[in-house]
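Heads up, the thing below is written out as structure tokens.
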Amino acid sequence: MEPRKIVFLGLSITSSWGNGHATTYRALLKALAACGHEVLFLERDVPWYAEHRDLPSPPFCRTELYEGLEELRERFGNEVASADVVVVGSYVPDGTAVARWVLEHCPGVVAFYDIDTPVTLSCLEQGGTEYLSPGLIPRFDLYLSFTGGPTLARLEHHFGAARARALYCSVDPECYYPEKQVPRWDLGYLGTYAPDRQPAVERLLIEPARLCSHQAFVVAGPQYPEEEIDWPGNTDRIDHLPPPEHRAFYNAQRFTLNVTRVDMVRLGYSPSVRLFEAAACGVPIISDYWSGLETVFTPGKEVLVARTPWEVVGFLRNLPEEERAAIGERARQRVLAEHTAADRAAQFEIYIAEAAVAGQLPKGRGCRS
């Protein structure tokens with residue numbers, strides 16, 4: 001695709017603290033820039049990210065902060081009006097108002113990028129959320145979803161999306177790769193605390209840690225209510241771990257754990273970025289199961305599936321070292337073949353070209369209901 005001027009309005013690219021959006025945007029936008037596109041990322045300046053900015057000035061795109069809707073319109077109206085493509089992301093503050101403004105002023109392709117599709121659908125069933133209303137969905141030229149499978153048909157048939165396409169998260173292989181070292185931990189987990197995900201963390205890491213008192217475990221991520229969780233003595237805790245430290249963290253584990261949020265398990269086809277990051281490092285993954293996992297990795301060959309603490313313990317104690325390493329390497333090769341940021345950028349280009357050719361662009365967009 002010929003170079004385009006692309007504007008993203010997303011939750012955050014400058015701070016990965018407490019969110020999975022930043023790493024997703026960083027990988028995708030870096031790959032789009034490598035394809036020759038001119039990329040601008042607009043981010044609402046909020047205090048909780050301002051205090052934890054681990055990439056304040058991404059080198060692969062122009063990044064601008066704004067205080068509110070009025071400043072966004074005044075400073076960046078010309079940028080939106082002259083863009084070939086504008087992408088509005090989920091969880092953008094005042095996202096419905098932002099989307100309406102973009103739809104009225106951008107003559108090119110306007111897409112919604114849902115990095116939180118299961119949560120979004122739950123909210124839409126109840127009338128909508130701050131960042132998206134049901135009436136806006138048919139107005140977008142393209143609905144990019146973190147969830148694939150049957151959810152895409154639901155977005156089109158039930159909510160009226162013009163075209164819904166899966167655009168999963170990805171990994172930058174320049175940042176994630178194997179490093180030879182003696183593992184520090186037998187099993188680790190990286191993820192922000194979530195109440196609906198914690199029971200699985202308890203079942204698949206904390207309980208195995210109690211059963212394997214002579215092995216080492218670790219949980220990294222912010223917002224855990226430390227006083228409410230009985231951490232075993234052989235389980236280390238790391239609060240926020242910035243992305244530049246993720247590779248070393250994965251490579252210091254014999255196995256890494258992937259745990260999926262309840263809404264994502266319910267819909268399926270929602271791979272976590274942690275799956276791709278760990279696999280790119282060649283670290284074998286123990287994961288809970290969800291529909292569609294087999295479309296990403298082959299269970300038993302490229303990923304290990306566990307439902308009980310004893311299954312986890314069995315992998316830790318009994319899997320031969322040669323097979324452990326082979327599982328990690330097979331997953332790495334699968335990621336490099338299908339799930340890099342360059343793969344996602346190529347998909348993005350195809351979807352944008354498809355939407356542009358469809359010819360549903362500036363006519364009447366401002367008055368669509």
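Count residues from 1 along the sequence.
- Between the side chains of Y131 and T120, a donor-acceptor pair is found at a separation under 3.5 Å.
- Annotation: E125, atom CD; neighbour count of heavy atoms from other residues, nucleotides and ligands within 6.0 Å is above 12.
- The shortest heavy-atom contact between V218 and L205 is O-CD1, 3.8 Å.
- Rounding to the nearest 0.5 angstrom, the gap separating the CG atom in L40 from the CG atom in L9 is 8.0 Å.
- Side-chain contact between P232 and F217 is absent, with no heavy atoms from C-beta onward closer than 4.5 Å.
- Side-chain contact between P118 and F146 is absent, with no heavy atoms from C-beta onward closer than 4.5 Å.
- Residues meeting the salt bridge (charged side-chain N to carboxylate O under 4.0 Å, His left out) test with R254, sequence neighbours left out: D186.
- In this structure, R203 CZ and R307 CZ are separated by 10.0 Å, a value rounded to the nearest 0.5 Å.
- None of D230, T235, N234 except one satisfies the side-chain contact (heavy atoms from CB on, under 4.5 Å) rule with R210; the exception is D230.
- Environment of CH2 in W231: crowded, with over 12 heavy atoms of neighbouring residues, nucleotides or ligands closer than 6.0 Å.
- Between the side chain of E302 and the main chain of T298, a donor-acceptor pair closer than 3.5 Å is present.
- Relative to the ring axis of Y351, R163 does not place its NZ or CZ within 45° and under 6.0 Å from the centre.
- By the 4.5 Å heavy-atom criterion applied to side chains, W101 and V80 are counted as neighbours.
- Residues L204 and V265 do not share a hydrophobic cluster, defined by chaining ILVMFWY side chains whose heavy atoms lie under 4.5 Å apart.
- Using a 4.5 Å heavy-atom cutoff, the side chains of R139 and R100 are in contact.
- Looking at residues two or more places apart in sequence or on another chain, you find no side-chain hydrogen bond (donor to acceptor under 3.5 Å, both in side chains) involving Y113.
- Panel note: side chain T308, backbone E311; a donor-acceptor pair is recorded below 3.5 Å.
- Screening T23, T192, D54 for a side chain to side chain donor-acceptor pair (under 3.5 Å) involving S16 leaves a single residue, D54.
- Closest of all the heavy-atom pairs between A341 and A27 is CB-O, 3.3 Å.
- Enclosure of atom CD in E323 by more than 12 non-hydrogen atoms of other residues, nucleotides or ligands within 6.0 angstrom is indicated.
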Original post:
Does the side-chain contact (heavy atoms from CB on, under 4.5 Å) test come out yes or no for L103 and L136, once each step is laid out?
Top reply: CA-CA 9 Å; L103 286 161; L136 278 174; 3.8 Å; yes
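- Here ring-ring contact (aromatic ring centres under 6.0 Å, His included) pairs that include residues 57-76, with residues two or more places apart or in two chains, number zero.
- Contact check on D172 versus R26 returns no salt bridge, with no Lys/Arg side-chain nitrogen under 4.0 Å from an Asp/Glu carboxylate oxygen.
- Using a distance-only test at 3.5 Å, with no hydrogens or angles considered, no donor-acceptor pair links the side chain of R53 to the main chain of T14.
- The closest side-chain donor-acceptor pair between Y250 and E277 falls under 3.5 angstrom.
- Remark: the backbone N or O of T260 is paired with a side-chain donor or acceptor of D288 at under 3.5 angstrom.
- Among residue pairs with one or both ends in residues 251-284, those qualifying as ring-ring contact (aromatic ring centres under 6.0 Å, His included) are F276-H339; sequence neighbours excluded.
- By the 4.5 Å heavy-atom criterion applied to side chains, L11 and N19 are counted as neighbours.
- No more than 12 heavy atoms of other residues, nucleotides or ligands lie within 6.0 Å of CD in E38, so this atom counts as exposed by the packing criterion.
- Put simply, the residue from T24, L29, L55 that forms a side-chain contact (heavy atoms from CB on, under 4.5 Å) with I13 is L29.
- Formation of a donor-acceptor pair under 3.5 Å by the N251 side chain with backbone atoms of E179 is found in this model.
- For Q253, the side-chain hydrogen bond (donor to acceptor under 3.5 Å, both in side chains) partners at least two apart in sequence or on another chain are T256.
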Subject >> Verdict with reasoning, E349 to R4, per side-chain contact (heavy atoms from CB on, under 4.5 Å) >> reply: CA-CA 10 Å; E349 290 182 326; R4 305 281 184 102; over 6 Å; no
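- Going from atom OH of Y289 over to atom CD of E294 covers 3.5 Å, rounded to the nearest 0.5 Å.
- Under a 3.5 Å cut-off, the side chain of D141 and the backbone N or O of V110 do form a donor-acceptor pair.
- G128 and P134 get closest at one heavy-atom pair: CA-CD, 4.0 Å.
- When side chains are defined from C-beta on, R44 does not count as touching L65, because their heavy atoms never get closer than 4.5 Å.
- Atoms OG1 and CG, from T117 and D263 in turn, are 11.0 Å apart once rounded to the nearest 0.5 Å.
- Judged by distance alone, with hydrogens and angles left aside, the side-chain atoms of H246 form a donor-acceptor pair with the main-chain N or O of L241 at under 3.5 Å.
- Checking side-chain atoms of E71 against main-chain N and O of E67 turns up a donor-acceptor pair under 3.5 Å.
- The two residues C169 and R344 make their nearest non-hydrogen contact at O-NE, 2.9 Å.
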Original post:
Checking side-chain contact (heavy atoms from CB on, under 4.5 Å) for the pair F112/D114: CA distance, chi angles, key distance, verdict?
Top reply: CA-CA 6 Å; F112 182 75; D114 201 341; 3.6 Å; yes
**OP:** Let me see the working for Y25 and I115 under side-chain contact (heavy atoms from CB on, under 4.5 Å), right down to the final yes or no.
**Re:** CA-CA 10 Å; Y25 284 126; I115 298 177; 3.8 Å; yes
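- Judged by distance alone, the side chain of R197 and the main-chain N or O of R261 form no donor-acceptor pair under 3.5 Å.
- Side chains of V87 and V7 form no contact here, defined as non-hydrogen atoms less than 4.5 Å apart.
- Counting heavy atoms from C-beta on, the side chains of Y143 and L152 never come closer than 4.5 Å.
- Across every non-hydrogen atom of S287 and N258, the tightest pair is OG-ND2, 3.0 Å.
- The one candidate from S90, S145, S270 that meets the side chain to side chain donor-acceptor pair (under 3.5 Å) condition with D116 is S90.
- Side-chain contact annotation: Y91 with H21, donor-acceptor N/O pair under 3.5 Å absent.
- Note that CG of L257 is 11.0 Å distant from CG of L304, once rounded to the nearest 0.5 Å.
- Between V262 and D196, the closest heavy-atom pair is N-OD2, 2.9 Å.
- The backbone N or O of R154 sits nowhere less than 3.5 Å from a side-chain atom of H158 that would complete a donor-acceptor pair.
- Partners of E321 by salt bridge (charged side-chain N to carboxylate O under 4.0 Å, His left out), not counting sequence neighbours, listed by chain and number: R324.
- The line from CZ of R62 to CZ of F41 is 13.5 Å long, rounded to the nearest 0.5 Å.
- A chain of hydrophobic side-chain contacts below 4.5 Å, direct or via other Ile, Leu, Val, Met, Phe, Trp or Tyr residues, connects V283 to L293.
- Cluster membership for V303 and Y176, using ILVMFWY side-chain heavy atoms within less than 4.5 angstrom, is shared.
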